[in-house]
Structure formats: C-alpha cells, structure tokens
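Here is the structure we will look at, set down as structure tokens.
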Amino acid sequence: MRAAGVREFGGRVELLDLPDPRDPGPDEVVIEVAAAGVGNWDDIVRTGAWNVGLTPPMALGVEVAGRVIAVGARVTGLRQGDEILGHPLQLREQGCWAEYVVVDAALVVKKPLGVSWEVAAAFPVPALTAKQVLADSLKLAEDETVLVHGAGGTTGGLIVQLAALRGARVIATAGPSSVDRTAQAGAGEVIDYHDSRWPERVRELTGGVGVDAAVNTVRGGSTDAVLAVRDGGRMATITGDPPADDRGISVADVYVRPNAAQLAELCALLGTARLSLSVGAALPLVEAATALERAVAGTTGGPVVLLV
C-alpha cells in the first residue's frame, strides 16, 4: 500500500510502499483512510523523540479519519462501513499517513454526520488537548476567568471555544489577523501579544488581581503568561516549557493522550456546530513532506491534512 513516512528516524519524509494491512486482531479494526491530520507533533515522531509504538520504515501520522473495512471478533459498537475518526495511540502497525491502518477499536469514534473528512482528520489531537487542559488539568469552573495565550492557533482557538462553553470569562492573546476570529470563538477580550506589556494589560482587565487560570500555547510563552495569573491560581502549558513554581500557582505540563470518551463528547459538539474548526490546507499524500513543513511553520491559517 501507499504511505508517507520515514525510512529511519531523522530521515526525510517520502512516499513508501508498505505491506497491505493484516487482518484485525480481536480488539482491532482496519480503516480505509480518507484523510489524516498533520501537525508539528509528527515532526517529533519523525525524529524519534516521541515513541508512538513503531520503528522505521514507518508511516507517520497519529490522527485518522476514514471508513471501517474489517472488524475484530470482540469489537462492539463498530461495523464495516462506519465512518470514524481518532487519535489511535499506541500505533499497532503503521501510522495514519497510509491507505489503510490497523487501530485499537477502543480509540476511534464515529464521525459526526455532515463533518468533512478534512475537518475530521484535523480534529482529534487539538480537540483532545483543549479538553484535557481545561477539564483535567485546570478543572476550570463556570464564572472563573481564564487566559488563553496564543488563541489564534488551532488548539488555542478550540480552548477558547470550550472555555466559553463552560461559562468562563475568556481573555485571549492573538495576532492582529486573528482578533476577530478569536472574539467570535468566545473571548471577551483579545490582546495583541506583540505588545510587550500584555501580561500587565491582562491584570488590568481583572482589577489588578490576575486570572484564575491560564493556558499557554506559545512556545517559550509560559514565563510571560504566568505573570497574568493571580496568587494561588493555576496554569497549564502545552509546549513543554512549564515556568518555575511561584506565588502558590500550580503548574501543569500537558501532553495529549488518547481518550475515546472525551473525543466522543467533543464530536457531539462538533456535529451540532457548538465547536468549529477550519482547515488551513489539504494536500495529497504525495505532498506529505510539504504538508509537514507547512504544519511546522504554522503559516496556513489552520491545521494541515493529507487526503489519501
């Protein structure tokens, strides 16, 4: 089968000719891939810094959207022909940048009706990250005030939407081109992060106290974001750069993890348009190297997907 990936860790992304998928095990399904998500995390997998359960030669990709074509003997709730999406780690045989992939059936959920393959493929990782930051790490409550630093990105935008749905007051930072979109997502106030005084401005908006909680999505941005948090508040970062403990602020360093129950809840919101996501670029499998470059650069104005 056709796939895109690497022949060795650290190698260039290229097209691969890999064996067709085996029959599914008792708890597995085989997916005919329609589209697969592409994110900067895939470059971490490419270098070997994130162990997703495989060794090269291997297809990359940890987000999948497609149709079930074979079902394991013990699988319930899925059948041949179902349209699904998921973040199926650990990977069983190959990554999702391939014509077919064998996955743990417990890690995929049905795609909402009316949601495109492109959106379905780009949704799992940023949506799960947003959910886990707010619900698991910060335990954000209704009527609390939360800062989202870097709300113009895909994950940041979903964090804003979910925080607003939880009834929180959202203060966000974003670039000038993302201000309107961030406000429409649910941010009550949007501050340009190019302003070096933006943490002070956040504090001013909270009467000098600071926000109850903050989420950092900007690489290297945690040390600034924590300045806007009140004493004894909470902070989460998704960029691997937690600030030092200070002023009684609890800090969480968040890495996304598969969770089908959470993904099903998020898909229900997506299917009813209470959550939205716009894809920045959709490229064919043969352009996987370009797709990864564009995802890492973050210049597409939205997530990147591969059409398989």
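Computation of the quantities below employed the complete heavy-atom set of this structure, encompassing side-chain atoms and omitting hydrogens, waters and symmetry-equivalent molecules. What you see is a predicted model, and the numbers here were worked out from it, not measured in a lab. Numbers here simply count residues along the sequence, with the first being 1.
A salt bridge is absent between E204 and R201: the closest approach of a Lys/Arg side-chain nitrogen to an acidic carboxylate oxygen does not fall below 4.0 angstrom. Between D231 and R247, at least one side-chain N (NZ, or NE/NH1/NH2) sits under 4.0 Å from a carboxylate O, which counts as a salt bridge. At a threshold of 4.0 Å, the pair R234-E144 counts as salt-bridged, since one of the basic side-chain nitrogens sits closer than that to a carboxylate oxygen. The pair E142-R166 does not count as a salt bridge, with every side-chain nitrogen at least 4.0 angstrom from each carboxylate oxygen. Using a 4.0 Å cut-off between charged nitrogen and carboxylate oxygen, E99 and R2 count as a salt-bridge pair. The pair R219-D241 does not meet the salt-bridge criterion, since no charged nitrogen lies less than 4.0 angstrom from a carboxylate oxygen. With salt bridges taken as basic N to acidic carboxylate O contacts below 4.0 Å, one links D104 and R92. A salt bridge between R257 and D136 is present, with a side-chain N of the basic residue lying under 4.0 Å from a carboxylate O of the acidic one. Between R22 and E28 there is a salt bridge, with a side-chain nitrogen of the basic residue lying less than 4.0 Å from a carboxylate oxygen of the acidic one.
Atom CD of residue E8 and atom OG1 of residue T55 lie 12.5 Å apart, to the nearest 0.5 angstrom. Atom CD1 in I159 sits 9.5 Å away from atom CG in N216 (nearest 0.5 Å). Distance NZ/K110 to CG/L78: 6.5 Å, rounded to 0.5 Å. Rounding to the nearest 0.5 Å gives a distance of 11.5 Å between CH2 of W198 and CG of D192.
Judged purely by atom type and a 3.5 angstrom limit, S178 has no side-chain atom pairing as donor or acceptor with the backbone of A174. Without hydrogens or angle criteria, Q94 side chain to V102 main chain gives no donor-acceptor distance under 3.5 Å. A donor-acceptor pair under 3.5 Å is formed between the side chain of R203 and the backbone N or O of V229. A donor-acceptor pair is defined here as one N or O able to donate and one able to accept, closer than 3.5 Å; no such pair exists between the side chain of R74 and the backbone of D27. In this structure, W50 contributes its side chain and D43 its backbone to no donor-acceptor pair below 3.5 Å. Remark: side-chain polar atoms of T217 are not paired, donor with acceptor, to backbone N or O of G156 under 3.5 angstrom. With hydrogens and angles ignored, the 3.5 Å screen pairs a side-chain donor or acceptor of Q161 with a backbone N or O of S276. R46 contributes a side-chain N or O that, together with a main-chain N or O of G10, makes up a donor-acceptor pair within less than 3.5 Å.
By the 4.5 Å heavy-atom criterion applied to side chains, V148 and T173 are not counted as neighbours. Side-chain contact check for T47 versus F9: every heavy-atom pair is 4.5 Å or farther apart.
In plain terms, the two heavy atoms of Q132 and V256 that are nearest each other are OE1-CA, 3.6 Å. Counting all heavy atoms, side chain and backbone alike, L263 lies closest to G86 at CD2-CA, 3.8 Å.
Ring geometry, H149 versus Y193: the interplanar angle exceeds 60°, so the pair is classed perpendicular (tilted spans 30 to 60°).
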Practice prompt. Could you give me the CA-CA distance, side-chain angles and deciding distance for T206 and T145, then say whether side chain to side chain donor-acceptor pair (under 3.5 Å) is met?
Written response: CA-CA 8 Å; T206 60; T145 300; over 6 Å; no

